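Have a look at the structure below before the remarks.
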Amino acid sequence: MDARPRLRLETDVLVVGGGAAGVAAAVTAARQGLDVTLVERYGFCGGGAVAGLSGTVCGLYEATDRRGAGPKQVVFGFADEFCRRLEAMGGLADPVVYGKTWTRVHDPLIWREAADAFLTEAGVRIIFHAVVFGAHMQGDLVQGLEIWTKEGVIDARAPLVIDASGDADVVAMAGFPSVVGDDGRVQNPTMIFRMLGVDVARFAAEYGADTIMPQRISDMIRAQHNAGNYDLPRAKIWLFQTTRPGELLCNCTRVIGEAGRELNTLFWRDFTEAELQGRRQMREYARFFRDHVVGCESAFVNDTGVQVGVRQSRQIAGVETLRNADVVEGTKFVDGIARSPWPIELHSGDKPRVEWLLDDFYEVPFGCFVPERGEGLLAAGRCLSAQHEAVASARVTAQCFAYGHAVGLAASIVVRDKVAPRSIAGVDLRLLLNADGARLEA
Ligand SMILES: Cc1cc2nc3c(=O)[nH]c(=O)nc-3n(C[C@H](O)[C@H](O)[C@H](O)COP(=O)(O)OP(=O)(O)OC[C@H]3O[C@@H](n4cnc5c(N)ncnc54)[C@H](O)[C@@H]3O)c2cc1C
């Protein structure tokens, strides 16, 4: 029981989750004059990018094999606007090489402050430290949400709910169809951490500009692991210099359960085990870096993500589904509302598999955010409707911003014209996005 009085809230749009997608959706909808409420379980925004410390904005630039080519940006709109602001606040590094493409390292603290500024300037009502735990339903229509707060439960009502929870939580609570990974198997989580006290000049001189560490490091990790000297289950690793002096952002763990069991954070036991294993592994990799990686001799772990990083959990079953083939073939759609040049970066099995899309990008159609069944709801972000390997590309931050941008504009149509989300034509949304800086025709 809960003896506290229930609270009531009426708003135009309820956005669940303050990750890249939720922030973009909330700000965009509020800029259209809507009363928007964003609900976030932590006391800050950023989700996987900040609480998960994913650390870089991927998905802005095309990949290429052309020698001497520089970064060619193909994603604009809200993603670009957020990055520019981060940069102006000192929270975004210049593009760095990641294999055949580029990414940009961000400061997670400044990310939070940039999101605060965007949301407050747009007039979004933010409810931090609040967990959505139920959906108000009338048949298949979502009418609002049950929100847990320290003050009591909020009974919140809105004509539109945007599920930007990353995990399609509202879709599941509403009982709408959803999909989990490859027949239930999802990409492994990673505990990201940061090391300070690194001699980055020596590190860079030794290993070069690519943030994907060279084969000789992978070979050494594998040899040390096999010799039983360290427990290092992932050999292909990524280390990024950050905006702060003497620091490396370490994307290297492969969080698996006891006896190599793959973990799915939708299960509370797996989520708990992932946190425990993630912290253990972080210490093993840090010890290995100090012992064997040039420049890391005196380095120490500064922090980990607030939580283990979750790449994949539950996807909505949408009226359209992004296929694996769309990613590798660079498919364009007349109702495409976002672009992605990011490769398939599949974290499954012994080592991450990267499949490049060169000098091109694919588009994501609006239907990937419209539930196959269910009204009053749109999804945004990494929980889009997509096949398993397509998720391994379409989930990165620049794209999540772009999905939120599109869904935020869709929200304004839903509320102003009092129409069902599924009645919106993606081609119309594309026009609105272009008028709002998305440059999908450029
Ligand atoms: C280990 C790892 C490394 C990565 N590396 C990169 C990288 O280098 N570059 C890159 O661009 N991308 C990277 N990604 C991917 C990227 O960070 C995420 O996919 C992206 O941030 C997802 O954004 P989102 O808004 O869809 O969801 P999320 O960021 O997951 O946001 C969802 C938000 O909803 C909140 N929430 C969830 N459920 C509830 C609820 N019931 N009630 C209230 N709030 C709720 C969460 O707290 C969270 O803030 C990485 C991901 C991982 C896991």
Side-chain angles (χ1 to χ4, degrees), residues 44 46 48-58 60 71 82-99 101-115 190-218 220-221 224 229-232 234-255 278-309 352 397:
F44 53 86
V50 172
L53 208 59
S54 80
T56 88
V57 182
C58 296
L60 290 168
F82 196 92
C83 287
R84 283 176 192 276
R85 185 144 195 180
L86 266 180
E87 191 170 28
M89 293 169 76
L92 191 68
D94 288 337
V96 287
V97 178
Y98 172 88
T101 188
W102 292 264
T103 187
R104 299 189 72 174
V105 179
H106 64 77
D107 180 314
L109 196 55
I110 298 178
W111 207 113
R112 302 177 190 197
E113 295 166 55
T190 283
M191 180 64 88
I192 298 201
F193 59 94
R194 297 191 290 180
M195 293 189 78
L196 276 174
V198 179
D199 184 339
V200 289
R202 282 178 53 240
F203 173 85
E206 179 72 22
Y207 303 114
D210 196 342
T211 53
I212 300 180
M213 294 300 282
Q215 187 59 38
R216 62 192 158 107
I217 289 286
S218 299
M220 200 194 308
I221 290 175
Q224 292 288 343
N229 297 333
Y230 305 82
D231 182 14
L232 307 171
R234 173 172 157 198
K236 191 170 176 180
I237 65 165
W238 307 325
L239 300 179
F240 303 90
Q241 291 180 50
T242 76
T243 51
R244 307 199 300 182
E247 187 177 69
L248 283 182
L249 176 84
C250 309
N251 182 332
C252 53
T253 64
R254 177 166 84 91
V255 179
R279 280 193 281 278
R280 271 181 215 133
Q281 255 186 50
M282 167 272 289
R283 288 291 168 204
E284 285 292 274
Y285 277 92
R287 188 163 68 89
F288 168 82
F289 293 158
R290 268 193 302 272
D291 293 348
H292 298 286
V293 173
V294 173
C296 293
E297 297 81 0
S298 307
F300 58 95
V301 176
N302 182 37
D303 61 0
T304 67
V306 174
Q307 65 157 80
V308 71
T397 310

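Excluded from the calculations below are hydrogen atoms, water molecules and symmetry mates; all remaining heavy atoms, backbone and side chain alike, are included. Note that the coordinates shown come from a computational prediction; the quantities given were computed from them, not determined experimentally.
- Here the side chain of T190 pairs no donor or acceptor atom with the backbone of R254 at under 3.5 angstrom.
- Contact record, K236 with S218: CA-OG, 3.7 Å, taken as the closest heavy-atom pair.
- Taking CZ from R283 and CZ from F193, the interatomic distance works out to 9.0 Å, rounded to the nearest 0.5 Å.
- Within the 4.5 Å cutoff, the side chain of R244 has heavy atoms near those of the N302 side chain.
- Within a 6.0 Å radius of CZ in R202, other residues, nucleotides and ligands contribute more than 12 heavy atoms.
- Atom CZ of R85 and atom CG of L92 lie 14.0 Å apart (nearest 0.5 Å).
- The shortest heavy-atom contact between A114 and L86 is CB-CD2, 4.1 Å.
- Summarising the geometry, atom CD1 belonging to I221 is positioned 4.0 Å from atom CD1 belonging to I237; distances are rounded to the nearest 0.5 Å.
- Taking all atoms of both residues into account, the shortest heavy-atom contact from C83 to V57 is SG-CG1, 4.0 Å.
- Contact detail for E247 and T242: the closest heavy-atom pair is OE1-OG1, 2.7 Å.
- Rounded to the nearest 0.5 angstrom, R194 CZ and M282 CE are separated by 13.0 Å.
- One N or O on the side chain of E297 and one on the backbone of G295 form a donor-acceptor pair closer than 3.5 Å.
- A heavy-atom distance below 4.5 Å is found between the side chains of Q241 and L248.
- Using a 4.5 Å heavy-atom threshold, the side chains of Y230 and D291 count as touching.
- Taking the ring centroids of W111 and F44, they lie at or beyond the 6.0 Å cut-off.
- Without hydrogens or angle criteria, E284 side chain to D231 main chain gives a donor-acceptor distance under 3.5 Å.
- You'll find the ring centres of F82 and H106 outside the 6.0 Å limit.
- Taking all atoms of both residues into account, the shortest heavy-atom contact from D210 to I212 is OD1-N, 3.0 Å.
- Considering all non-hydrogen atoms of both residues, V50 and R112 come closest at CG1-NE, 3.5 Å.
- Two residues are said to be in side-chain contact when any heavy atoms from C-beta on lie closer than 4.5 Å; L53 and D303 meet this criterion.
- The closest donor-acceptor contact from the side chain of T253 to the backbone of G278 lies at 3.5 Å or more, if one exists at all.
- A distance of 11.5 Å separates CD1 in I217 from SG in C252, rounded to the nearest 0.5 Å.
- For T304 (side chain) and I192 (main-chain N/O), no donor-acceptor pair under 3.5 Å exists by modelled atom type.
- Contact check for L239 versus F203: side-chain heavy atoms found under the 4.5 Å cut-off.
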Self-check item: Full working for side-chain contact (heavy atoms from CB on, under 4.5 Å) between R104 and V96
Solution: CA-CA 6 Å; R104 299 189 72 174; V96 287; over 6 Å; no

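- Inter-residue side-chain proximity for T56 and Y98 is flagged as unmet; no heavy-atom pair is nearer than 4.5 Å.
- A distance of 13.0 Å separates SG in C250 from CE in M191, rounded to the nearest 0.5 Å.
- Under the 3.5 Å distance criterion, the side-chain polar atoms of Y207 are matched with a main-chain donor or acceptor of V294.
- A distance-only check finds a donor-acceptor pair linking the side chain of Y285 to the backbone of R234 [under 3.5 Å].
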